[in-house]
Amino acid sequence: METTYDPKAIERKWQARWQETGVYEADLEHAKAPYYNLMMFPYPSAEGLHVGNVYAFTGADIHGRYQAMRGKDVFEPMGFDAFGIHSENFAIKRGIHPKTLIAGNVLHFREQLRRLGGRFAWSHAVETTDPDYYRWTQWIFLQFFKAGLAQRRKAPVNWCPSCKTVLANEQVISGRCERCDSEVVQRELEQWFFDITRYADRLLDNLDHLDWSDVIKTAQRNWIGRSDGAELRFPLAQDPETEIAVFTTRPDTAYGATFLVLAPEHPLVRKLATPETEAAVAEYVRQAVARSQEDRIGGQDKTGVFTGGYAVNPFSGQEIPIFIADYVLYGYGTGAIMAVPGHDERDFAFATVHGLPIVRVVAGPDGDRSPLAEAYSESGIAMASGPLDGLPTPKAKEAAIRIAEERGIGQRHRTYHLRNWLISRQRYWGPPIPVVYCEKCGIVPVPEDELPVLLPDVQDFVPKGTGQSPLAAIPSFVETTCPRCHGPAKRETDVSDNFLDSAWYFLRYPSSHDDRSAFDPALTRKWLPVDSYIGGKEHAVLHLLYTRFVCMALHDLGYLDFEEPFKRFRAHGVIVRGGTKMSKSRGNVVNPDEFFDRYGADTLRSYLMFMGPYEEGGDFSDQGIEGLYRFLNRVYHLVRKNVAGSSAKASDEAVRLRHQTIRRVTEDIEGLKYNTALAALMEYLNGLQRESAVAQEDLRTLVLLLAPFAPHLTEELWQALGQPYSVHQAAWPAYDAQVLVAKTVTVVIQVDGKLRDRLQLPAGLGEEAVRQAALQSDAVRRFLPEDASLRFVHVPDRLLSIVTR
RNA sequence: GCGGGCGUGGCGGAAUGGUAGACGCGUGGGACUUAGGAUCCCAUGGGGACACCCGUGAGAGUUCGAAUCUCUCCGCCCGCACCA
């Protein structure tokens, strides 16, 4: 053993040994205690592994190493999410083909991941861009297509003018493109959708039973955004056969609906316009459609124009005007609302601007029936509402729905914020959607045995903005024959959303070598659902929701016997530097390579975990990492100094410290409190250094407990201690609760809530004995009035509180 | 606006009803040394008439006892955002 800690040499040595001996490859078929330890596979960017990746993977890897030492057969695979707009945009910018670019990036990532020292099962690595992988992505599409879950239909969709493709609702952040930050516009286009909304209720209700971080569950609940109410139909005054359907959560206020508002895109808009209003309506629609999503949302001003048409309020019987305004969204509900200005803030604002009547139909607290100066959107008692009068809001809602159903003018209805998942992309870098268009047969799926539909190798992969994928410009790809009638046909030229690739990758890992099925039924039964999944919060409503949907659908189609893919999910925190987010523009990005070189992976891993609670993240400081480097050095030297077979016996104090440390580290690792686990190990080390001689068992315990954090160093020290390879297959130490019981304890004495003395007393002393001891203390007696009658509160072995008042 | 999280030394953080500041960084002092920005040891919340007082964003409350529970307010971060 060398005299100085040389992380570079140690880490290189053991990484090679691990690879040769395959200690991290699980025996998938014969494993007795399968444990699937998953982390979010990275997108292999050109910049290389981000310190955020290192943080995420280290935390998950520690969990995996701990489970392995607890006797589990841990399967910890890794892969690359290499399709998608991000790589493609970068490739376009650099003028390099994405295929070339990604191949290089993946190599770099593999090298960095090796240096990180994760216990990855590399033989099961997957790359989503591999035809052997995306063949099955296409297969999933086909199953969904056959089940009617994948449908091509015309709908208002988000279009990113810069990426020149449509986007799913989840990929629009505050009206901007998730990938390139451009303003997104609405377009009415025919696209492929997965009908995720059919699963909205199950996706929502299952959350109650999932062991997932609450942040994620809350975000998904909000995103699904179920709301209950009614759909009501308002006939046109001029043409009672034609009705306008609206969705409302307040059917009880229907008597107060004094006008209707349609989204500018609503199909009835044209029909309603009169010769007088036609020009103004057309102009408003033109402007609204051209405005970016952000503009439409951003301005809270209530613009809109009168269409010229009137409808009849089926409750009040009054004729009410119909407006169009862009505060009504075409994509939600029915794209039309009944405006109740008295009880909705937005409608109130619109009515005020356009001089429309505001009627009060809900009395406020204390029976307030006065005219409204602002919208009253709370509950109350219905008024001026015919049969609803006098009913409190919840009952009035029910009554209104009953009336609507009886009269055939509406019914109970439920709506979701969640939209169907738009999965087609007018881009190059993704799996082609496996269908063909035949003039005779229509949309025909590509037969499964013809998969994959290979992504053609082309020179020009730049999107043209024609609304079509670059693949449309390749006749050899487009021109094909119909699988059904063998006549001429054209291929679908859109590719599927990148999030479809990642929605099932963990199903593929165990079966990565299977060329007969996407996932082998036996292996899947043995290894899934995933035991532990750790990843970032940013995927709360993207990846994590899509994945749940895909599993649920595959379950219903008979391919999986579970519907929830992840038994346990934990969201890790975010690393900042100097209190602010790391970003290239701020120039405060941590490059892991630099720290691997300077301190080694063990130090970087340990420091990242020490910064703060894993689920909360931390603040990276270049100085702070020194502390962990020193710590590992001290561990190295302590073991080295005592390694020469000393037969020293541990003191009672050392034994208690040992057991205490085992307990603390075990509990902290289980609770993902890696920072305090490391603190406990530091205290252990400090304690051992104070001892005149250190027992071999303490050295072994220290090394074992540190193994998940610093896998290379501990492997080296384990060997030095004469223990068999590998420390990562050794058993996690156990503690004895008996030993933890201290013989003497510090009992705190308080007088009227203030600390006055600390007494060293034998453990387990009764209240009377503690009182006697306390009353003998000068520090305590000084605060006791002569004549006071005393009251005592005793917490055994901890505290005695004396009350004089 | 809605939802979630957070606020503790010079800094990262510990303690979720019972010794506030574990552990680490930084800082000060000392040892070793030709030297050290290496290593080791000691000290380190503020004040002080040093057998004490104050102190966990601010204010109130509950309790023998509150960083922790309750209410009001202030500030910061994250997500969603005209969702009817």
Side-chain angles (χ1 to χ4, degrees), chain A residues 4 173-175 213-219 221-223 225-227 229 246-250 253 261 296-302 325-329 331-340 343-347 349-350 377 415-419 537-538 540-541 573-574 576 578-581 606-607 610-613 615-628 630-631 633-634 637 664 673 675-683 685-686 689 746-758 778-779 782 790-795 798-805:
Chain A
T4 49
I173 312 295
S174 301
S213 299
D214 284 329
V215 247
I216 306 291
K217 295 211 275 189
T218 306
R221 285 192 186 103
N222 291 341
W223 187 261
R226 181 158 75 191
S227 60
V246 302
F247 173 74
T248 178
T249 54
R250 293 294 300 270
T253 62
V261 187
R296 282 176 71 165
I297 294 167
Q300 296 283 316
D301 54 317
K302 294 287 176 289
D326 63 6
Y327 82 93
V328 174
L329 307 175
Y332 183 76
T334 60
I337 62 157
M338 62 172 201
V340 184
H343 305 282
D344 181 281
E345 257 178 68
R346 296 151 301 180
D347 298 344
F350 190 87
S377 51
T415 297
Y416 304 89
H417 170 250
L418 180 71
R419 311 290 160 86
K537 307 183 219 294
E538 66 276 15
V541 295
V574 177
V576 298
T580 48
K581 222 163 147 177
S606 304
Y607 176 59
F610 186 69
M611 286 188 319
E615 290 173 277
E616 283 166 39
D619 200 333
F620 191 99
S621 127
D622 293 21
Q623 274 178 338
I625 195 170
E626 291 281 350
L628 272 292
R630 279 177 214 156
F631 168 64
N633 260 290
R634 289 166 60 206
H637 286 108
R664 287 175 64 187
K673 299 286 160 52
N675 56 332
T676 45
L678 282 160
L681 287 168
M682 290 171 179
E683 288 183 59
L685 177 72
N686 292 343
Q689 282 185 327
T746 307
V747 176
V748 169
I749 313 300
Q750 292 181 354
V751 178
D752 292 330
K754 282 194 191 295
L755 186 144
R756 295 304 178 192
D757 202 2
R758 295 160 199 202
D778 285 340
R782 199 172 326 129
L790 303 178
R791 204 151 70 73
F792 298 88
V793 178
H794 181 231
V795 181
R798 297 218 65 158
L799 163 145
L800 181 75
S801 181
I802 305 172
V803 189
T804 68
R805 287 170 264 139

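Naming: A, B, ... by sequence-line order, numbering from 1 per chain.
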Under the 3.5 Å rule, do the base of B:C78 and the side chain of A:Lys537 count as making a donor-acceptor pair?
->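 By the distance-only test, no, there is no pair.
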Residue [X], side-chain heavy atoms: nucleotide from [options] that is nearest:
{"X": "A:Met682", "options": "B:C23, B:G18, B:C64", "answer": "B:C23"}
{"X": "A:Gln623", "options": "B:G26, B:A81, B:G18", "answer": "B:G26"}
{"X": "A:Trp223", "options": "B:A81, B:C64, B:A84", "answer": "B:A81"}
{"X": "A:Tyr332", "options": "B:A81, B:G4, B:A84", "answer": "B:A84"}
{"X": "A:Ile337", "options": "B:C64, B:A84, B:G3", "answer": "B:A84"}

Taking N or O atoms only and anything under 3.5 Å, show me the protein contacts with nucleotides 41-52 of chain B, one pair per line.
from: B:A51; atom 1: O3'; to: A:Arg782; atom 2: NH1; distance (Å): 3.2
from: B:A51; atom 1: O2'; to: A:Arg782; atom 2: NH1; distance (Å): 3.4
from: B:C52; atom 1: OP1; to: A:Arg782; atom 2: NH1; distance (Å): 3.0

Evaluate the side-chain proximity of A:Tyr607 to A:Leu678: yes if any heavy-atom separation is below 4.5 Å, no if none is.
->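 No, side chains not in contact.
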Look through every strand shown and name the nucleotide pairing with B:U70 as Watson-Crick or G-U wobble, where both distances are under 3.5 Å.
->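 WC or wobble partner is B:A60.
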Provide the Watson-Crick or G-U wobble partner of B:G10, both distances under 3.5 Å; none if there is no partner.
->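 The base-pairing partner of B:G10, which may sit in any strand shown, is B:C25.
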Provide, to the nearest angstrom, the distance between the [atom1] atom belonging to [X] and the [atom2] atom belonging to [N].
{"X": "A:Asn222", "N": "B:G4", "atom1": "CG", "atom2": "C1'", "answer": "8 Å"}
{"X": "A:Leu681", "N": "B:A22", "atom1": "CG", "atom2": "C1'", "answer": "14 Å"}
{"X": "A:Ile216", "N": "B:C80", "atom1": "CD1", "atom2": "P", "answer": "12 Å"}
{"X": "A:Arg798", "N": "B:C64", "atom1": "CZ", "atom2": "C1'", "answer": "16 Å"}
{"X": "A:Lys217", "N": "B:G5", "atom1": "NZ", "atom2": "C1'", "answer": "17 Å"}
{"X": "A:His794", "N": "B:U19", "atom1": "NE2", "atom2": "P", "answer": "14 Å"}
{"X": "A:Glu626", "N": "B:C25", "atom1": "CD", "atom2": "P", "answer": "9 Å"}
{"X": "A:Ile749", "N": "B:C64", "atom1": "CD1", "atom2": "C1'", "answer": "13 Å"}

When you compare [N] with [M], how far apart are their [atom1] atoms, in angstrom units rounded to a whole number?
{"N": "B:G5", "M": "B:C69", "atom1": "P", "value": "12 Å"}
{"N": "B:G18", "M": "B:G1", "atom1": "C1'", "value": "42 Å"}
{"N": "B:C42", "M": "B:G9", "atom1": "P", "value": "26 Å"}
{"N": "B:A60", "M": "B:A66", "atom1": "C1'", "value": "14 Å"}
{"N": "B:U27", "M": "B:G7", "atom1": "P", "value": "27 Å"}
{"N": "B:U68", "M": "B:G59", "atom1": "P", "value": "13 Å"}

Just checking A:Leu678: base, sugar-phosphate only, or nothing, at a heavy-atom cut-off of under 4.0 Å?
->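 Touches nothing.
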Under 4.0 angstrom, heavy atoms only, what part of the nucleic acid is A:Leu799 near: base, sugar-phosphate, or nothing?
->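 Base contact.
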With the criterion being N/O to N/O and under 3.5 Å, what pairs connect the protein with nucleotides 11-16 of chain B, and how long is each?
from: B:G12; atom 1: O2'; to: A:Met611; atom 2: O; distance (Å): 2.8
from: B:A14; atom 1: OP1; to: A:Asn675; atom 2: ND2; distance (Å): 2.9

Is [X] close enough to [N] that one of its side-chain N or O atoms is under 4.0 Å from OP1 or OP2 there?
{"X": "A:Thr218", "N": "B:G79", "value": "no"}
{"X": "A:Arg630", "N": "B:C25", "value": "yes"}
{"X": "A:Arg791", "N": "B:C64", "value": "yes"}
{"X": "A:Lys754", "N": "B:C54", "value": "yes"}

Kindly give the heavy-atom pair with the smallest separation between A:Lys537 and A:Glu615, and that separation in Å.
->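 Smallest interatomic distance, heavy atoms only, reads NZ-O, 3.6 Å.
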